[in-house]
Protein chains: 2
Amino acid sequence: MQRMEKTVKAGGFATARVATARVATIKDVASLARVSIKTVSRVVNKEANVQDQTRQRVLEAVAELNYQPNTAARGLSGKRSYCLGLLYENARESGYFKDVLNGALRTSAAEGYGLLLRPFTLPSESLAADVRQFVLQTRVDGILLTAPLSDYTDVTAVLDELHIPYVQMTPRNSRPGVPNILCNDAEASCAVTEYVMSLGHQRIGFIKGHPEHRAAVERLAGYRLALQKAQLKYEPSLVRPGYFDFESGKKAARALLRLTSPPTAIIASNDDMAAGVVYEAHELGLAIPGQLSVVGFDDTPTASHIWPPLTTVRQPIDAMAAQAIWLLTKTIRGQQLPEVTQPFECQLVLRASTAARGTYQAVEEN
Amino acid sequence: MQRMEKTVKAGGFATARVATARVATIKDVASLARVSIKTVSRVVNKEANVQDQTRQRVLEAVAELNYQPNTAARGLSGKRSYCLGLLYENARESGYFKDVLNGALRTSAAEGYGLLLRPFTLPSESLAADVRQFVLQTRVDGILLTAPLSDYTDVTAVLDELHIPYVQMTPRNSRPGVPNILCNDAEASCAVTEYVMSLGHQRIGFIKGHPEHRAAVERLAGYRLALQKAQLKYEPSLVRPGYFDFESGKKAARALLRLTSPPTAIIASNDDMAAGVVYEAHELGLAIPGQLSVVGFDDTPTASHIWPPLTTVRQPIDAMAAQAIWLLTKTIRGQQLPEVTQPFECQLVLRASTAARGTYQAVEEN
DNA sequence: GGAGAATCTGACAACGTTGTCATTGAACCA
DNA sequence: TGGTTCAATGACAACGTTGTCAGATTCTCC
């Protein structure tokens with residue numbers, strides 16, 4: 001395939017040299033198939049009145065060149081946008097995904113951009129290929145990569161190769177020039193662990209998050225740091241694997257609570273798993289926070305809707321997504337980015353699922 | 001503003017006559033401001049080197065004509081799409097909004113359309129105006145209207161006026177020609193009420209949903225129908241208002257449980273409110289399902305994550321959204337729609353929050 | 001065999017912007 | 001005073017597709 005060198009003027013500061021792989025147009029297909037562009041158009045749009053043999057030749061050329069019709073040209077000519085609108089009520093209820101969505105939509109609209117969503121079901125064999133396909137097909141100008149997609153190096157490799165700007169929402173340090181938005185996960189995790197210790201707990205269980213999420217790694221690090229600062233021994237049996245979902249939280253809780261010397265508090269790396277802990281405690285007839293304190297992460301709606309409501313850590317997800325999009329649009333326009341991005345501050349949300357060890361327990365045991 | 005008559009050939013069946021209000025182009029602005037189109041482009045794109053006086057004239061013309069740059073033309077000429085991509089992990093966890101999103105994204109991608117999201121915070125003074133703005137700006141080819149937006153007549157009036165195809169996801173009967181996707185809310189509500197009665201409950205509380213959601217009306221109707229069929233008297237004091245959110249569920253539960261003769265079962269019009277009921281019962285020290293059975297609606301993640309997990313009614317939201325988009329694309333292509341759309345079937349999900357009145361209670365009181 | 005219809009194909013003009021380059025004045029400098 | 005620079009503006013050619021219409025070929029029917 002041909003290559004084109006293009007010089008991009010970057011707002012006063014740098015001058016970037018971008019090599020863009022020229023994508024095939026209808027003309028390329030037409031000349032390869034030795035027909036007119038109109039005939040290609042007919043085939044692509046499944047119109048009638050094309051000979052089978054001709055159609056075949058065109059389809060082969062389309063496949064060979066990996067031709068994707070240009071939506072803008074189509075829209076301009078055909079007076080259609082090839083886009084549908086989905087209108088919905090923006091409920092007060094939040095949640096990680098919805099917060100990201102809100103922040104991203106608000107900011108991209110303000111900056112004059114539309115926002116196309118693309119979900120990926122993990123694990124996936126074809127992740128990188130699917131990402132490439134998405135970019136090529138939609139021709140988006142930039143990409144916001146949320147966790148844990150931001151943590152897959154083959155995904156970022158594809159984006160780098162396609163020379164498409166992107167921003168990561170993850171604590172992982174990326175290569176210089178690619179901004180990433182993060183909050184002080186480790187610090188917050190350390191703080192919440194210290195809070196639990198301040199309530200008198202010594203044996204504190206910890207349920208890890210999905211090992212492919214960088215944030216999960218950070219949260220565990222914060223927990224370990226707090227133990228270390230308090231000169232408490234890190235006990236591997238008190239740390240169980242988890243995958244950020246309710247079921248794995250339940251399972252980990254069961255294992256922890258069956259220990260000969262079970263923890264008096266459990267910190268889960270997110271609210272869904274913490275809800276699993278609470279569920280399991282109910283099943284076992286353990287009083288929360290009387291006999292067991294529980295802490296979550298993220299402050300999802302679930303955190304405040306279960307009983308007792310969870311002590312948890314809130315991240316300013318909406319604001320983080322907003323900043324991510326803002327950085328992305330700046331990058332696209334070739335503007336200089338602020339060198340260092342401050343991590344966002346997490347916030348400790350105290351609710352009824354944690355209490356001092358002993359005190360409360362005595363009351364309950366009346 | 002000029003008007004244009006356009007004849008649309010509708011796939012073999014009907015021929016629709018569509019009057020489209022011609023939108024202003026850069027040329028219109030240029031001639032009104034007595035400048036070249038390039039100057040208009042400069043002003044609109046905030047480029048340098050335009051005299052203040054000229055800029056002012058252009059801006060006035062832009063405002064007067066309500067000019068919105070055509071994204072397709074921009075994209076074609078400027079080699080940009082003015083669209084960003086948001087990639088995210090499609091977690092297994094569902095929820096109303098995410099299910100709608102999944103179904104809609106999957107189907108629109110399959111039909112060759114992009115999907116632009118637009119949240120609305122209700123209540124809103126400017127709802128109809130905002131909808132109009134969205135359509136004019138994005139130039140989407142069609143719209144999927146989810147509840148409760150689908151229940152506002154001023155919104156549908158705007159869409160009708162703009163002659164833009166849309167599909168409603170709501171039980172409300174719309175005017176013929178505008179398809180609406182629905183499920184048998186009333187029937188399901190009746191069935192779940194009958195199930196609760198079959199457990200021996202006679203005094204069954206009901207928490208209504210948001211009065212502006214048509215589905216809320218349907219669910220109440222189903223409850224009343226079940227009572228009637230069982231020849232039980234409808235008792236207004238057992239029916240409390242609610243707004244589909246956790247807090248209103250809690251509040252309604254408090255009122256119901258304070259009655260001199262409180263209900264032995266409560267049916268809430270959605271899971272969030274049912275979670276509020278469960279929360280309140282915990283606070284009051286009432287055993288569920290020993291002393292109170294609770295039923296929700298929707299089978300959100302919350303339903304299975306709280307303790308005890310909720311008996312609830314599951315709607316095939318994903319499939320409904322998928323069908324909605326499918327119908328929408330058929331409408332856009334001017335194809336004949338199936339005359340009658342069957343309501344989707346809801347499914348009763350039995351969990352631990354409901355039990356026979358008496359039996360269980362006796363066990364608990366050992 | 002010939003007229004007319006049906007099928008297949010291509011030339012060319014939109015579509016509404018932005019990029020490039022030329023032109024016009026005005027301001028500046030030697 | 002006569003260049004030189006710079007700001008302000010416009011003319012015009014892309015961009016990649018679809019719609020329109022006309023031409024070429026094949027088929028159908030008398």
Side-chain angles (χ1 to χ4, degrees), chain A residues 2 4 6-9 20 22-58 61-62 65 67-82 112 136-137 139 141 332-334, chain B residues 2 4 6-9 20 22-31 33-58 62 65 67-83 112 136-137 139 141 333-334:
Chain A
Q2 285 173 267
M4 234 167 53
K6 204 171 140 192
T7 306
V8 176
K9 182 70 173 301
T20 317
R22 198 172 86 77
V23 288
T25 73
I26 201 171
K27 283 184 190 167
D28 302 325
V29 179
S31 57
L32 181 59
R34 284 166 293 121
V35 294
S36 71
I37 57 169
K38 182 63 210 186
T39 298
V40 176
S41 172
R42 285 196 182 95
V43 172
V44 170
N45 293 293
K46 301 194 177 66
E47 286 176 30
N49 300 341
V50 179
Q51 265 196 346
D52 268 357
Q53 188 192 336
T54 314
R55 179 186 311 276
Q56 210 50 48
R57 269 215 321 279
V58 171
V62 165
L65 298 174
Y67 168 67
Q68 309 256 20
N70 179 320
T71 313
R74 263 188 153 171
L76 183 55
S77 177
K79 306 194 198 328
R80 314 246 237 106
S81 67
Y82 293 90
L136 257 35
Q137 192 172 321
R139 295 189 163 91
D141 294 336
I332 291 171
R333 300 204 192 94
Chain B
Q2 286 173 268
M4 235 169 48
K6 204 170 139 192
T7 306
V8 175
K9 182 70 174 300
T20 316
R22 198 173 87 75
V23 289
T25 73
I26 201 171
K27 283 185 192 169
D28 301 325
V29 178
S31 57
R34 285 166 292 119
V35 294
S36 73
I37 57 171
K38 183 62 211 186
T39 297
V40 176
S41 172
R42 286 196 182 92
V43 172
V44 170
N45 292 294
K46 302 194 176 64
E47 285 176 31
N49 300 341
V50 179
Q51 268 196 344
D52 268 357
Q53 186 193 336
T54 314
R55 181 187 309 278
Q56 211 48 50
R57 271 216 319 282
V58 171
V62 164
L65 297 174
Y67 168 68
Q68 310 259 17
N70 180 322
T71 313
R74 264 189 150 167
L76 184 55
S77 177
K79 305 194 196 329
R80 313 243 239 108
S81 68
Y82 294 90
C83 223
L136 256 35
Q137 190 172 322
R139 296 189 161 92
D141 294 336
R333 300 205 193 94

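Worth saying up front: this structure is predicted, and the values here are computed from it rather than measured.
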[N], OP1 or OP2 - any side-chain N/O from [X] closer than 4.0 Å?
| X | N | answer |
| --- | --- | --- |
| Q51(B) | dA7(D) | no |
| S41(B) | dT18(C) | yes |
| N45(A) | dT18(D) | yes |
| N49(B) | dA7(D) | no |

Task: First of Y82(B) and D52(A) reached from the 5' end of DNA chain C, by closest nucleotide - done: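 The 5'-side residue here is D52(A).
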
What's touching nucleotides 11-15 of chain D from the protein side, N or O pairs under 3.5 Å?
residue, atom, partner, partner atom, Å
dC15(D), O2, S77(B), N, 3.3

Open item on the list: Rounded at 0.5 Å granularity, tell me how far CG in N70(A) sits from OG in S77(A).
Closed with: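 Going from CG on N70(A) over to OG on S77(A), the span is 11.0 Å.
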
Using whole Å, report how far [atom1] of [X] lies from [atom2] of [N].
| X | N | atom1 | atom2 | answer |
| --- | --- | --- | --- | --- |
| D141(B) | dT18(D) | CG | P | 14 Å |
| D28(A) | dG16(D) | CG | P | 9 Å |
| E47(B) | dT9(D) | CD | P | 13 Å |
| R74(B) | dG16(D) | CZ | C1' | 18 Å |
| R55(A) | dT7(C) | CZ | C1' | 13 Å |
| R57(B) | dG10(D) | CZ | C1' | 13 Å |

Open item on the list: If the helix axis at each end comes from five base pairs, how far does the helix from dG1(C)-dC30(D) to dA30(C)-dT1(D) deviate from straight, to 10°?
Closed with: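 Nearest ten degrees gives 30° for this helix.
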
Task: Heavy-atom pair of closest approach, residues R139(B) and T71(B) - done: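 Reported closest heavy-atom pair: NH1-N, 4.4 Å.
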
- [ ] Give the minimum heavy-atom separation between D141(B) and S81(A), together with the two atoms involved.
- [x] OD1-N, 2.9 Å

Which donor-acceptor pairs under 3.5 Å do the side chains of residues 40-54 of chain B make with protein atoms, sequence neighbours left out?
residue, atom, partner, partner atom, Å
S41(B), OG, N45(B), ND2, 3.4
N45(B), OD1, R74(B), NH2, 2.7
N45(B), ND2, S41(B), O, 2.9

- [ ] Flag the pair D28(B) / T25(B) as yes when at least one side-chain heavy-atom distance between them is below 4.5 Å, and no otherwise.
- [x] yes

TODO: Name the closest nucleotide to the I26(A) side chain, picking from dT18(C), dT18(D), dT9(C).
DONE: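 For the I26(A) side chain, the nearest candidate turns out to be dT18(D).
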
Open item on the list: Mind checking if T54(A) touches a base, just sugar-phosphate, or nothing, with heavy atoms under 4.0 Å?
Closed with: sugar-phosphate

